[in-house]
Amino acid sequence: MYSGSIVKKATAMARRSVLLALIGAGMSVAVFTGQHLTHELHNHTLSQKLITAHQSAADILLADERLTMSAHMAAETGEKMWIDRYNENIPLIDQAINRALKIAPPHLRSFFDNETRIANRHLVILEMNALRAAQLGRTKEARSILDSVDYHYNKGVLSRGTNRFNKKMIDSVFTDVDAADEKAHVWFGLALSITLIGGVLLWRRLSGSLEKSEFAFLEAEDRIRHLARHDALTGLANRHSFREILDGTLTKAAVSGASIAILMLDLKGLKKINDTKGHLIGDLVLTEVAKRLVKTLSDKGHAARFGGDEFVCLIETTSREEATEITNAFVSSLEQPVVGQDFSVHVGASVGIAFYPDDARDYEDLIRKADLALRKAKPEDTSKIIEYHRRMDEELNERAQLEEELKTGISAGQVVPYYQPIVDLETEQVECFEILSRWEHPTRGLIPPDDFIPLAESSGSIGDLTLSVLRTACITVKALPGNVSIALNIAPQQIQDDWLVQGLLGVITETGFPPERLEVELVENALVSDLAAAKTIITSLKNLGIRVALDDFGTGYSSLCYLSELPFDKIKIDRSFITNIPQREENVKIVNAIVGLGRSLGFHTVAEGVETEEDADFLRMIGCPSAQGFYYAKPTPGCDLPELMASLKQPDVQQAIA
Ligand code: C2E
Ligand code: MG
Ligand code: MG
């Protein structure tokens with residue numbers, strides 16, 4: 001279960017427990033208070049009972065004494081007053097007896113009835129007899145009744161019975177009190193036990209849950225800390241923690257005098273694996289590469305992933321040779337394919353190495369220099385290890401200076417179009433001039449496009465360059481006789497330029513060059529990186545009446561999918577297939593197939609790099625419609641175009657001469 005849900009569960013549990021504890025505490029207080037009040041009430045009732053019992057017993061005895069005294073006085077004196085007083089006291093003793101009977105428990109009631117009431121009834125009868133005798137003046141008889149054994153016996157029974165009733169009432173009340181106390185204790189004990197057991201159970205569940213949550217929290221904290229310092233996919237150190245490791249190692253090395261090698265590695269072929277096999281397999285490859293890296297380094301260093309297919313290693317080494325040996329071992333380990341359940345793929349690596357203390361002494365400089373060496377290794381097709389050299393920094397500075405010069409050169413009009421004709425193979429008439437840029441550098445001389453176009457691409461000035469040469473070409477070619485078209489090369493990255501089409505339209509509008517005489521050449525690389533963007537650009541260009549050609553066909557992926565998906569007007573077969581074609585059987589077959597494809601799909605085919613008459617004759621023979629190459633003309637500056645035109649067949653010019 002993931003930690004978030006454990007913590008959530010524990011919080012809910014804690015909330016529930018607190019609620020239950022509050023309810024439990026409330027209930028306990030209510031039970032204890034209720035119990036206490038009931039007990040108090042019960043005790044109060046019992047004490048009331050006891051008081052009433054005492055009072056009743058005392059009243060019985062007092063009334064009896066009064067009756068006895070009144071009876072004796074009446075017997076002694078025969079006075080009516082005492083008889084009246086006796087009669088007044090008779091109901092009092094009955095009332096006291098009734099009161100006592102009312103509060104007495106059943107077993108005491110019958111006992112009291114049997115003893116006291118009967119004795120009292122006897123006494124009343126005897127006393128009434130004595131009173132009646134006294135009333136009649138027979139005082140002696142009256143006295144003898146009151147002195148009789150029977151009378152004294154019943155008097156004794158009444159008095160003892162009343163006292164015994166009183167005592168038994170006390171016993172009964174105390175028994176009740178004891179029973180109530182015992183009951184209260186049992187209740188109290190029960191309630192306390194339930195509260196304690198409930199509390200313990202609740203606490204155990206809550207603390208168990210809190211313990212789990214604490215554990216999950218600590219685990220999550222560990223994981224977050226690990227993630228903050230490691231690459232999530234490979235588990236290697238990330239850029240941040242690699243910096244800490246390298247800084248620490250550099251500090252130690254400054255004291256010990258040890259050497260350190262920094263390796264910047266870039267995988268070759270990962271993009272292709274991602275594109276063709278999917279990112280899941282790409283991830284598996286990255287994980288496997290990381291494992292091989294760690295295994296090769298063993299305890300000699302540390303590896304990190306900086307992102308994508310970029311790895312960095314630190315090797316604590318005794319010599320440059322040892323570091324190179326380890327790097328070689330890693331590159332060799334990559335020769336083994338990465339094999340999965342239903343795939344097997346190969347990757348390679350470009351590696352740049354910089355050494356401490358020879359090349360650099362701090363983190364930034366070491367990384368920068370290893371990266372510089374890596375940039376040298378990258379363009380190679382196979383795995384390559386290159387060590388940093390001071391020359392690389394010089395080249396970098398030179399390149400930065402050249403970039404600056406190129407920018408100013410473009411605005412100063414130093415980058416100019418040269419023109420190479422594309423001719424109709426049958427009629428040998430010029431169809432089009434391809435614009436091939438040259439940099440007329442004030443001090444370095446004429447620089448070919450292969451040397452400055454990549455610079456313009458990387459420095460972001462390719463857009464300005466394109467529009468600048470197009471503007472010059474439009475003006476130059478428009479001034480020539482005839483309706484020759486011009487073909488403009490577009491760099492792959494310009495496909496992503498949303499302003500490209502607008503820029504081209506701006507130039508042809510400004511120079512008044514007809515759009516249908518403009519052709520744009522794209523290379524296949526441009527299509528591979530973003531087919532959708534290429535489609536949009538091609539459609540926009542065609543909507544403006546501009547034609548689109550696929551340049552250098554056969555050198556890239558040469559996917560037939562591009563031919564069917566994108567509406568090209570022209571395919572230019574790369575010169576590597578054309579030069580000396582009659583002698584190259586394989587190329588004959590390929591070119592034949594492309595020309596046939598063009599015929600059936602309805603696009604124009606141009607053979608580039610025609611250098612000899614034999615090449616031209618052969619291409620004509622197999623039905624290739626157009627050609628371009630040194631055989632007809634080399635790229636020529638604008639000022640020489642009229643001369644070039646004159647030397648080549650040009651229908652309109654000839655018509656004009658005729
Ligand atoms: P590309 O577009 O394929 O142009 C044809 C290249 O082949 C030109 O090289 C041309 O001089 C060369 N070539 C033509 N015929 C022959 C031949 O018979 N034999 C030999 N050996 N070479 C022949 P260049 O002028 O050096 O241009 C190289 C590349 O630079 C061009 O290849 C094009 O991709 C690029 N490039 C040139 N100018 C521009 C530009 O203004 N913008 C962009 N983006 N790229 C440009
Ligand atoms: Mg071209
Ligand atoms: Mg070409």
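Read the numbers this way: they start at 1 and go in the same order the structure lists the ligands and their atoms. Reckoned from all heavy atoms, side chains included, excluding hydrogens, waters and symmetry mates. Count residues from 1 along the sequence.
Protein heavy atom closest to atom 4 (O) of ligand 1, with residue, atom name and distance, is L436 CD2, 3.4 Å. Scanning all protein heavy atoms for the shortest distance to atom 41 (O) of ligand 1 gives S437 OG, 2.5 Å.
Checked by atom type and distance alone, the side chain of D365 never pairs as donor or acceptor with a backbone atom of R361 at under 3.5 Å. Looking at E426, its side chain never comes within 3.5 Å of a backbone N or O of P625 through a donor-acceptor pair. Judged purely by atom type and a 3.5 angstrom limit, R599 has no side-chain atom pairing as donor or acceptor with the backbone of G602.
If you check the side chains of N543 and S540, you find no donor sitting under 3.5 Å from an acceptor. No hydrogens or angles considered: a donor-acceptor pair under 3.5 Å links the side chains of S350 and K268. Using modelled atom types and a 3.5 Å distance limit, the side chains of T234 and D231 yield a donor-acceptor pair. Side chains of D640 and Y419: a donor-acceptor N/O pair is absent below 3.5 angstrom, by distance only.
Near A491, meaning under 4.0 Å from one of its heavy atoms, ligand 1 places the atoms 44 (N). The contact set between ligand 1 and D450, taken as ligand atoms under 4.0 Å from a residue heavy atom, comprises 28 (C), 29 (C), 30 (O). Close contacts between ligand 1 and G629 involve ligand atoms 15 (N), 18 (O) [criterion: under 4.0 Å to a heavy atom]. Ligand 1 places these atoms under 4.0 Å from at least one heavy atom of E611: 17 (C), 18 (O), 19 (N), 20 (C), 21 (N). If you number the atoms of ligand 1 from 1 as listed, the ones under 4.0 Å from a heavy atom of D551 come out as 1 (P), 2 (O), 3 (O). Heavy-atom contacts of E608 reach the following atoms of ligand 1: 3 (O) (cutoff under 4.0 Å).
When all heavy atoms of M392 and I386 are compared, the closest pair comes out as CE-CG2, 3.5 Å. Of all heavy-atom pairs between L236 and A303, the closest is CB-O, 3.9 Å.
One distance of note links CZ of F355 with CD1 of I260; it measures 11.5 Å at 0.5 Å rounding. Here OG of S459 is found 7.0 Å from CD1 of I410. Values are rounded to the nearest 0.5 Å.
Salt bridge annotation for D464-K407: absent, with no cationic side-chain nitrogen under 4.0 angstrom from a carboxylate oxygen. Using a 4.0 Å cut-off between charged nitrogen and carboxylate oxygen, E364 and R243 count as a salt-bridge pair. Remark: R292 engages E288 in a salt bridge, criterion side-chain N to carboxylate O under 4.0 Å.
An N or O contact shorter than 3.5 Å links R438 to ligand 1 by distance. Not a single N or O atom of Y631, backbone or side chain, sits closer than 3.5 Å to an N or O atom of ligand 1. Here's the thing with Q420: one of its N/O atoms is less than 3.5 angstrom from an N/O atom of ligand 1. Looking at F630 next to ligand 1, an N or O pair under 3.5 Å apart turns up.
Contacts with ligand 1 closer than 4.0 Å are made by heavy atoms of both the backbone and the side chain of N489. Only the side chain of E434 comes within 4.0 Å of ligand 1, counting heavy atoms alone; its backbone N, CA, C and O stay farther away. Under 4.0 Å from ligand 1, the heavy atoms of R575 that appear belong solely to its side chain. By the criterion of a heavy-atom distance under 4.0 Å, neither the backbone nor the side chain of L488 is placed next to ligand 1. Here D552 has side-chain heavy atoms under 4.0 Å from ligand 1, and that is the only part of it that gets that close. Only side-chain heavy atoms of P635 come within less than 4.0 Å of ligand 1; its backbone N, CA, C and O stay farther off. For E457, no heavy-atom contact with ligand 1 is shorter than 4.0 Å.
One option in A487, P448, P449, A627 has a heavy atom closer to atom 26 (O) of ligand 1 than any other, and that option is P449.
Sorted by first and then second residue, the pairs that involve residues 435-456 and meet salt bridge (charged side-chain N to carboxylate O under 4.0 Å, His left out), not counting sequence neighbours, are E405-R444.
Under the 4.0 Å distance rule, the nearest protein heavy atom to atom 9 (O) of ligand 1 falls outside the cut-off. Contact annotation for atom 32 (O) of ligand 1: protein absent (non-hydrogen atoms, distance under 4.0 Å).
Around the Mg ion (ligand 3), the protein N, O or S atoms closer than 2.8 Å are D551 OD1, D552 OD1, E608 OE1, E608 OE2, listed by chain and residue number.
The atom of E434 that is an N, O or S and sits closest to the Mg ion (ligand 2) is OE2.
Remark: K384 NZ is loosely packed, at most 12 non-hydrogen atoms of other residues, nucleotides or ligands lying under 6.0 Å away.
Checked options E431, H604, E519; the residue passing with K570 is E519 (criterion: side chain to side chain donor-acceptor pair (under 3.5 Å)).
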